[in-house]
Amino acid sequence: MKASELKTISESLIETFDKAGKISIELYKKGLEIEIKEDKSPVSNGDLKVNELITNKITELTPNIPIISEETVDIKIKNKEKIFWLIDPIDGTKEYIAGKDEYTLNAALVINTVPVLGFVGVPKKDRLFYTYNPGESYLIEAGQRKKINCKKQQPKGKVVALSSVYKPSDIILNKLKKYNVNSIVKMASSYKFCVIASGEYDIYAAKERANEWDYAAGHAVAQNAGAIIKTLDEKPFLYGKEDYKNPSLLIKRSENLDD
């Protein structure tokens, strides 16, 4: 698929993500309807409505490309596709239900194991991150669009890591020590990828966790902004696995985190 086609698709999704984000907030304010899925995780009518809006728009834009969404996927069916969409309508559902502001809306287009196009909406922060090509990652905030490129925002000498949990494991802490990390901030959802892409934070490391739809959109945004994304043992982080399971993860804003 040509870069011009990916750009057109991206620009056609901006309004949908904006609308879906606003609706997620409206539904929360009205009082969410919550159910527990087979895997014991919660799902709300907000998740389902956002999924409907994003899926319908993507189907309209690319009717011949299959869509794999967290809310509709049959995990027992192995993924054999080479080109496909991954959707996580709300990543951080527990945060969403609790009224917190780090939940995200996600969609990514994967082509031959690589997420090339990605959208991450952060409704409560009025931020929308998107990308469609290397060197073409953007942040729309308060109606203003700017290109992002992983440029360091922290003061020189301060290297800040992100973590999904309050107390990272020894494996993760030892990995972070190698990069002279002197501060760790807990953050939920795929928002972590995006604030590394914007240069606000420097590094994120995680053991095997979650599924491909949790990472793909943020991965695209960060990698196309210039971030280095691999597994903890420095192998390529690829998509299109039959069972959708993520390997370990290491995202670095740059090779030298103090630059």
Taken to the nearest 0.5 Å, the spacing of Glu70 CD from Ile68 CD1 works out to 13.0 Å

Side chains of Lys167 and Ile184 in contact at under 4.5 Å (non-hydrogen atoms):
no

Hey, does Ile14 have a side-chain heavy atom less than 4.5 Å from the side chain of Tyr130?
yes

Distance check, rounded to the nearest 0.5 Å: Leu250 atom CG versus Ile172 atom CD1?
8.5 Å

Are side-chain heavy atoms of Val50 and Ile23 found at a separation under 4.5 Å?
no

Can you see which heavy atom on Leu105 is nearest to which on Phe17, and at what distance?
O-CE2, 3.4 Å

Heavy atoms of Ser69 and Pro89 approach each other most closely as OG-CD, 3.9 Å

I would like to know whether Lys156 and Asp258 meet salt bridge (Lys or Arg N to Asp or Glu O under 4.0 Å); could you show each step before the answer?
CA-CA 6 Å; Lys156 189 156 182 73; Asp258 207 23; 3.7 Å; yes

With distance as the sole criterion, is a donor-acceptor pair present between the side chains of Tyr204 and Ser164 under 3.5 Å?
yes

So do the side chains of Val195 and Ser198 get within less than 4.5 Å of each other, counting heavy atoms only?
yes

Within 45 degrees of the axis of the six-membered ring of Phe129 and under 6.0 Å from its centre: does Lys125 put its NZ or CZ there?
no

Option passing salt bridge (Lys or Arg N to Asp or Glu O under 4.0 Å) with Glu136 (candidates Lys147, Arg145, Lys7):
Lys147

Do Lys49 and Glu52 meet the salt-bridge criterion of a basic N to acidic O distance under 4.0 Å?
yes

Would you find more than 12 non-hydrogen atoms of other residues, nucleotides or ligands less than 6.0 Å from Glu15 atom CD?
no

For Ala20 and Leu53 the tightest heavy-atom approach is CA-CD1, 3.8 Å

Work out which heavy atom in Glu33 is nearest to a heavy atom in Asn45; give both atom names and the distance.
N-OD1, 2.8 Å

Where Val120 and Ser190 come nearest, the two heavy atoms and their spacing:
CG1-OG, 3.6 Å

Let me know which of Leu162, Asp202, Ile228, Ile203 forms a side-chain contact (heavy atoms from CB on, under 4.5 Å) with Ile196.
Leu162

Applying the side-chain hydrogen bond (donor to acceptor under 3.5 Å, both in side chains) test to Asn224, which of Asn149, Asn133, Thr131 qualifies?
Thr131

Compare all side-chain heavy atoms of Arg209 with those of Asn246 and state whether any distance is below 4.5 angstrom.
no

Report the distance from atom OH of Tyr96 to atom CG of Leu32, rounding to the nearest 0.5 Å.
4.5 Å

Can Lys241 be said to sit on top of Tyr239's aromatic six-ring, NZ or CZ under 6.0 Å from centre and within 45° of the ring axis?
yes

Would you say that more than 12 heavy atoms from the other residues, nucleotides or ligands in this model lie under 6.0 Å from the NZ of Lys37, or not?
yes

Stacked cation flag Lys124 on Tyr28, 6.0 angstrom / 45 deg
yes

Within a radius of less than 6.0 Å around CD1 of Ile25, do more than 12 heavy atoms belonging to other residues, nucleotides or ligands occur?
yes

Looking only at the side chains, is there a donor atom on one of Asp47 and Thr93 sitting less than 3.5 Å from an acceptor on the other?
yes

Is the closest side-chain donor-acceptor distance between Asp39 and Ser41 under 3.5 Å?
yes

Check ion pair Lys152-Asp259 (N to O, under 4.0 angstrom)
no

Tell me whether Phe193 is reachable from Leu257 by hopping between hydrophobic residues (I, L, V, M, F, W, Y) whose side-chain heavy atoms are closer than 4.5 Å.
no

Would you mind checking if Glu208 and Lys245 are paired as a salt bridge, meaning a charged N to carboxylate O distance below 4.0 Å?
no

Are Tyr215 and Trp213 linked, directly or through intermediate hydrophobic residues, by side-chain heavy-atom contacts shorter than 4.5 Å (ILVMFWY only)?
yes

Report yes or no: is the cationic atom of Lys186 (NZ for Lys, CZ for Arg) closer than 6.0 Å to the six-membered ring centre of Tyr166, at no more than 45° off its axis?
yes

Side chain proximity check, Leu109 to Ile111, heavy atoms < 4.5 angstrom
yes

For Ala220 and Pro115, the nearest pair of non-hydrogen atoms, with its separation, is CB-O, 3.4 Å

Look at atom CD of Glu234 and say whether more than 12 heavy atoms of other residues, nucleotides or ligands are closer to it than 6.0 Å.
yes

Kindly compute the distance separating CD1 (Ile9) from CD (Glu60), expressed to the nearest 0.5 Å.
11.5 Å

From CG (Asp88) to CG (Asn211), nearest 0.5 Å
9.0 Å

Under 3.5 Å, is there a donor-acceptor pair between the Ser189 and Asp91 side chains?
no

With a 4.5 Å heavy-atom cut-off, do Trp85 and Pro66 have their side chains touching?
no

Measuring only between side-chain heavy atoms, which start at C-beta, is Asp243 closer than 4.5 Å to Lys78?
no

Joint hydrophobic cluster, Leu139 plus Met187, side-chain heavy atoms closer than 4.5 Å
yes

Distance in Å, Ile54 CD1 paired with Ile90 CD1, rounded so as to fall on 0.5 Å steps:
8.5 Å

Using only atom types and a distance under 3.5 Å, with no angle test, would you say the side chain of Asn79 pairs donor to acceptor with the backbone of Ile77?
no

